[in-house]
S.K.: 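Mind having a look at this structure? Questions to follow.
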Amino acid sequence: MPNLDASFSALADPTRRAILARLALGEATVMELAEPFEMTQPAISRHLKVLEGAGMIVRRVEGTKRPCRLAPTAVTEIDQWLAMLRRALSANYNRLDDVLAAMKTEE
């Protein structure tokens, strides 16, 4: 999972999470993404560069515009990693249930 660290690093910033939430609604330009924030377009562009580097968004060229959208596999690695943790936790809880059931029958 080579991009997992980059993905979590990108998600650590609330502005980038807000940008991803906006892009979940559909494609947007840098100026559209900058509207709700009190920061400059270059600052938003730096956030977008981090998200793009983490493989979470893709940009295309449309004349002078650079529309952004979520990458098709933006959260796949994160979801796979979390699924592995869910399976491990479930196995731990199942073992705990077995121990508690054995303790109950011994009483």
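All residue numbers in this chain count up from 1 along the given sequence.
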S.K.: At their closest point, which heavy atom of Glu32 faces which heavy atom of Glu27, and how far apart are they?
M.R.: OE1-O, 4.4 Å
S.K.: Between Gln41 and Met31, is any pair of side-chain heavy atoms under 4.5 Å apart?
M.R.: yes
S.K.: Report the distance from atom OG1 of Thr73 to atom CD1 of Ile78, rounding to the nearest 0.5 Å.
M.R.: 10.5 Å
S.K.: Would you name the heavy atoms of Ala102 and Thr105 that are closest together and state the gap between them?
M.R.: O-OG1, 2.9 Å
S.K.: So how far is it from Leu85 CG to Ser90 OG, rounded to the nearest 0.5 Å?
M.R.: 12.5 Å
S.K.: Under 4.5 Å between side-chain heavy atoms, counting indirect links through other Ile/Leu/Val/Met/Phe/Trp/Tyr residues: same cluster for Val61 and Val30 or not?
M.R.: no
S.K.: Return the CG to CZ distance between Asn92 and Arg95, rounded to the nearest 0.5 Å.
M.R.: 4.5 Å
S.K.: Linking I/L/V/M/F/W/Y whenever any side-chain heavy atoms sit under 4.5 Å apart, do Leu70 and Val50 land together?
M.R.: no
S.K.: Side chains of His47 and Met39: closer than 4.5 Å at any heavy-atom pair?
M.R.: yes
S.K.: Membership question, hydrophobic clusters at under 4.5 Å side-chain separation (ILVMFWY): are Leu20 and Val58 in the same one?
M.R.: no
S.K.: Can you tell me which residue among Leu23, Leu51, Ile19 is in a side chain to side chain contact (heavy atoms under 4.5 Å, CB included) with Met56?
M.R.: Leu51
S.K.: Applying a strict under-4.5 Å side-chain criterion to I, L, V, M, F, W and Y, I'd like to know whether Leu89 and Val99 cluster together.
M.R.: no
S.K.: Is there a path of hydrophobic side-chain contacts, each under 4.5 Å between heavy atoms of I/L/V/M/F/W/Y residues, joining Leu48 to Phe37?
M.R.: yes
S.K.: Locate the shortest heavy-atom distance separating Lys65 from Thr29; write the atom from each residue and the value.
M.R.: CD-CG2, 4.1 Å
S.K.: Starting at CD of Glu52, measure out to SG of Cys68 and round the result to the nearest 0.5 Å.
M.R.: 7.5 Å
S.K.: Restricting to non-hydrogen atoms, name the atom on Arg22 and the atom on Ala28 that form the minimum distance, rounded to 0.1 Å.
M.R.: NH2-CB, 3.4 Å
S.K.: Measure across Ala54 and Ala10 and return the closest heavy-atom pair with its distance rounded to 0.1 Å.
M.R.: CB-CB, 4.0 Å
S.K.: Could you measure the distance from the CD1 atom of Ile57 to the CZ atom of Arg59? Nearest 0.5 Å is fine.
M.R.: 5.5 Å
S.K.: With rounding to the nearest 0.5 Å, note down the distance linking CD in Glu77 to CG in Leu82.
M.R.: 12.0 Å
